[in-house]
Amino acid sequence: MRIGFRGTAAVRVVIMAVTLMAGVVAQAGQAARAPQPGTDQGVVSGRLSYTQTGCDTCHGTDGSGTAAAPRIATSALQLQAFIAYVRKPTGTMPARSAEAISDRNLTDIYAYLHSPAVRSAQTAAPPAGSVAAGAMLYKKIGCYECHANEGQGGAQGPRLGPNPIPFARFGTYVRNPAGDMPPYTAKVLSDQDLATIYAFLEARPRPPAVNSIPLLAP
Amino acid sequence: MARSKGSTQRSIERREFLQKGALAGAALVGSATGAAAQSPAPAAGQPAAPTTPVMTAAAEAAEPREVQVLDENQRCGSDYMVDVFKSLGFEYVCANPGSSFRGLHESIINYGGNKSPELITCCHEESSVAMAHAYYKAEGKPIAVMAHGTVGLQHASMALYNAWCDRVPVYMVIGNYNDAAVRRPAEWYHGVQDAAAMVRDFTKWDDTPWSLTHFAESAVRAYKLAVTPPMAPTVLVLDGIMMEDAIARDNRLPIPRLTIPAPPQGDSGSVEDVARLLVAAESPLLVADRLARTPNGMKLLIELAETLQAGVIDQGSRMNFPSRHQLNQTQRAAAAVGEADVILGLEVSDFWATVNTLRDQLHRSTHRIAKPTAKLITITTGDLYVRANYQDFRRLQDLDLAIAADGEATLPSLIEAVKRLTTGDRKRVFQERGAKLAEASRAAAERSRVAATYAWDASPVSTARLSAEVWAQIRNEDWSLVSNYYTDATGGWPRKLWNFDKPYQWLGHAGGGGIGYGAPASVGGALANRRHGRLSVAIQTDGDFMYAPGVLWTAAHHRIPLLSVMNNNRAYHMELMHVQRMCNARNRGVDRGTIGSELTDPNIDYAKLAQSLGVYAEGPITNPADLGPALKRAIAVVKRGEPALVDVVTQVR
């Protein structure tokens with residue numbers, strides 16, 4: 001559902017085209033072929049299903065994970081175990097029935113999460129950045145407002161560090177966030193600035209063990 | 001009954017006196033001015049002549065005028081008003097003094113003995129109303145507020161709007177000199193034709209009585225309407241002359257009897273339908289917001305949840321459900337909504353936002369988070385009474401069943417129906433479900449504990465550390481969190497870390513989102529808690545505090561014990577985030593996004609501010625290790641019956 005849409009006619013045409021394409025792909029995926037995890041066709045369909053189902057809301061656009069849910073890209077989980085978990089998850093993840101998403105669509109999602117593009121995003125090394133400069137930049141551009149001063153997360157934004165999500169995924173999310181986060185374009189935040197902030201997040205101290213803090217005893 | 005004949009005559013005499021008095025005063029001033037004009041200029045080195053009027057020889061020689069005081073056989077209208085207010089059981093009346101209700105003010109402190117109601121001196125009418133708002137939620141009884149009909153009510157209006165949105169009764173008494181022929185000069189600024197008009201859109205009822213009998217009926221009616229669900233503020237406009245006019249002492253004006261109506265229950269057929277849906281559901285979810293009107297509300301919700309072994313989300317406008325109950329799913333609310341096949345909203349103010357989300361980007365979009373097939377049910381008095389202008393009624397959600405009734409009053413029959421319809425097979429299903437929910441609740445609580453460890457030793461102090469430090473000091477006390485710092489999108493640190501299991505331990509939100517509620521509400525809640533010997537604690541945000549910090553003087557003056565712990569993040573951070581959102585959406589960078597939202601340069605010294613108001617205070621504290629000892633010292637002061645404040649420089653939220 002969309003309210004208050006004020007896009008141009010050109011944008012609307014593009015959206016219609018994408019929607020039509022999604023419909024064609026979905027129909028093709030359901031009627032014409034058997035699922036082939038790892039094929040290009042499965043990957044394209046899987047990427048669409050992944051976002052249409054809302055997986056990206058918690059797991060990030062390429063399955064790298066967020067503070068709300070773990071990484072599922074390139075996981076060691078086998079296909080059948082993956083499908084079984086989606087049907088009956090533990091923890092906070094909502095269950096998805098076969099009516100909500102078919103086994104075939106889940107197979108395509110699995111293919112997408114194990115595709116070469118996603119795999120490379122998990123392993124790309126970040127460019128070098130200064131921790132001190134990152135601390136200043138983190139404050140200056142307002143990351144702290146939602147994610148708190150040390151990147152530990154708060155009411156409005158999840159924890160970012162230490163041990164942040166892979167850099168490629170980090171950059172993608174900052175440019176094109178899936179949720180409420182305001183987007184930062186390259187005009188207001190360069191790729192080098194991103195790397196600098198990332199260095200700050202990586203350098204956050206690891207917290208003490210929860211059971212070593214008496215004040216947090218249940 | 002109309003005003004007595006004798007009273008009317010006296011009123012006319014009074015007007016004559018005032019008219020003649022005014023003329024005499026004018027002559028006196030004219031005479032003094034004339035005398036000054038004829039006086040020679042003082043010689044060099046001589047003191048200047050006084051410029052204020054002095055009594056002239058002619059005035060000294062004048063015949064004494066009629067002495068106008070009540071005689072032994074008289075009392076005044078406001079004495080009778082106090083009799084009526086006493087019959088309604090008011091313990092307190094909050095007021096910033098105002099001449100338009102001076103008659104009532106005097107009757108309260110002298111005729112009424114300043115007891116039931118006792119006058120609480122406030123430094124701002126917004127504080128008076130917010131105190132009354134929170135007092136009601138702590139005590140379950142309204143207190144009265146007095147204010148000028150114009151300038152006072154304008155100050156009070158924001159707080160009244162909060163109370164309206166929160167569906168809380170505030171008993172507002174405002175003074176006005178209705179008769180233009182008797183107004184003193186200042187009373188023209190304070191005079192108004194229709195005093196309650198400015199707040200009529202967000203109050204339930206108002207009246208301007210024209211006689212004392214009319215007053216008595218309206219006073220009782222205002223109380224009755226205010227406390228009958230859906231509850232809301234009411235306004236009584238009292239004429240200044242009616243307060244001040246004399247009446248015969250033996251004039252036994254009647255005091256109407258207060259009978260509070262029972263709140264409306266859902267009809268039996270609809271309640272049976274709801275019970276049937278809940279019992280048959282595989283994953284029912286109970287969502288409570290303004291449900292618990294009384295302490296019994298929490299007990300009833302626990303009983304319903306445990307009977308069904310259903311998950312509960314407490315949206316926090318009232319203390320509805322224990323924070324650590326194994327069926328409490330508030331910390332995983334979105335997931336719980338997504339799993340549910342039947343969702344029952346109990347006095348939920350925004351059911352649409354419970355089952356949908358709105359993405360706040362340049363182009364706003366919405367997304368349903370509940371299953372498309374989930375059955376949606378509401379029980380709320382919100383369907384019984386709405387007003388047109390202010391839009392606090394929220395978006396309209398498609399529903400499968402809606403019962404226009406009081407949630408708490410309907411729960412006993414719903415529980416009875418659920419028990420009657422539950423078979424042995426369903427009980428086994430319920431138990432299995434309850435075990436899974438308990439595990440999910442335990443896991444969510446554990447995640448919160450772990451999340452609190454991050455930035456544990458950071459400076460400024462993390463809000464998780466602040467909450468944990470306060471909890472460590474109060475956990476073995478009979479405590480009550482009286483500020484509106486408790487919940488947010490994910491639950492808020494106190495609710496994540498503290499064990500809320502008593503109805504008075506949390507008093508809900510402002511209602512209308514008007515900043516400035518927190519500090520006076522804390523004092524009002526603490527005033528209610530004082531008689532019960534509870535330790536009142538406020539986590540006080542800095543932006544809110546600066547609206548009307550004088551309320552701490554009220555706490556000091558009236559010996560209201562309250563621990564205020566500043567969540568001093570030196571900004572209006574919610575607004576700062578909104579500005580940042582605009583900066584990003586317009587692709588202009590956020591470098592200047594703090595302009596207009598930060599409270600720095602200079603930093604505000606809240607400890608000194610509190611000390612100047614007569615409150616024990618420490619801070620600013622920036623090292624988290626210093627916080628525990630400071631809290632201990634402050635609590636020792638509070639236990640002596642006084643307010644105390646600890647200023648903590650914190651991270652953002």
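All heavy atoms count here, side chains included; hydrogens, waters and symmetry mates do not. Just so we're on the same page: letters track the sequence lines, and every chain starts at 1.
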Could you tell me whether a side-chain N or O of [X] sits under 3.5 Å from a main-chain N or O of [Y], the two making a donor and an acceptor?
X: Asp180(A); Y: Asp360(B); value: yes
X: Gln361(B); Y: Met181(A); value: yes
X: Glu145(A); Y: His578(B); value: no

Please identify, among [options], the residue contributing the most non-hydrogen atom pairs under 4.5 Å to chain A.
options: Val652(B), Asp457(B), Thr357(B), Thr594(B); result: Val652(B)
options: Ala451(B), Ala468(B), Ala464(B); result: Ala468(B)
options: His573(B), Arg465(B), Arg475(B), Lys436(B); result: His573(B)

Inset, instruction - Please round to the nearest 0.5 Å and tell me the distance separating atom CZ of Arg449(B) and atom CG of Leu215(A). - result: 11.5 Å

Legend entry - Rounded distance [0.5 Å steps], CD in Gln580(B) versus SG in Cys143(A): 7.5 Å

Heavy-atom distances under 4.5 Å only: say whether [X] touches chain A with side chain, backbone, both or neither.
X: Pro372(B); value: neither
X: Leu576(B); value: both
X: Gln329(B); value: neither

Inset, instruction - Go through the structure and list residues passing salt bridge (charged side-chain N to carboxylate O under 4.0 Å, His left out) with Asp501(B), not counting sequence neighbours. - result: none

Taking every heavy-atom pair that is under 4.5 Å apart, which of [options] has the most such pairs with chain B?
options: Ala148(A), Gly153(A), Pro218(A), Ser97(A); value: Pro218(A)
options: Ala217(A), Ser212(A), Ala178(A); value: Ala178(A)
options: Ala209(A), Gly179(A), Pro162(A), Ala95(A); value: Gly179(A)

Legend entry - Val210(A) side chain near Glu446(B) side chain, heavy-atom distance below 4.5 Å: yes

Inset, instruction - Would you mind reporting whether Trp456(B) and Pro207(A) have side-chain heavy atoms less than 4.5 Å apart? - result: no

Legend entry - Heavy atoms from other residues, nucleotides or ligands near CD of Gln78(A) exceed 12 (cutoff 6.0 Å): no

Inset, instruction - Please say whether more than 12 non-hydrogen atoms of neighbouring residues, nucleotides or ligands are located less than 6.0 Å from NZ in Lys371(B). - result: yes

Legend entry - chain B contact via Lys187(A) - which portion, at a heavy-atom distance below 4.5 Å: side chain

Inset, instruction - Please flag which part of Leu216(A) lies under 4.5 Å from any non-hydrogen atom of chain B: side chain, backbone, both or neither. - result: both

Inset, instruction - Classify the side-chain pair Gln651(B)/Glu150(A) by whether it contains a donor and acceptor separated by less than 3.5 Å. - result: no

Legend entry - Interface residues of residues 581-591 of chain B facing chain A - heavy atom cut-off under 4.5 Å: Arg581(B), Asn584(B), Asn587(B), Arg588(B), Gly589(B), Val590(B), Asp591(B)

Inset, instruction - Select all residues of residues 620-628 of chain B having any heavy atom within less than 4.5 Å of some heavy atom of chain A, and report them by number, or 'none'. - result: none

Legend entry - Those residues of residues 194-206 of chain A, ordered by number, that approach chain B below 4.5 Å (heavy atom to heavy atom): none

Inset, instruction - For Pro208(A) and Thr453(B), work out which heavy atoms get closest and say how close. - result: O-CB, 3.7 Å

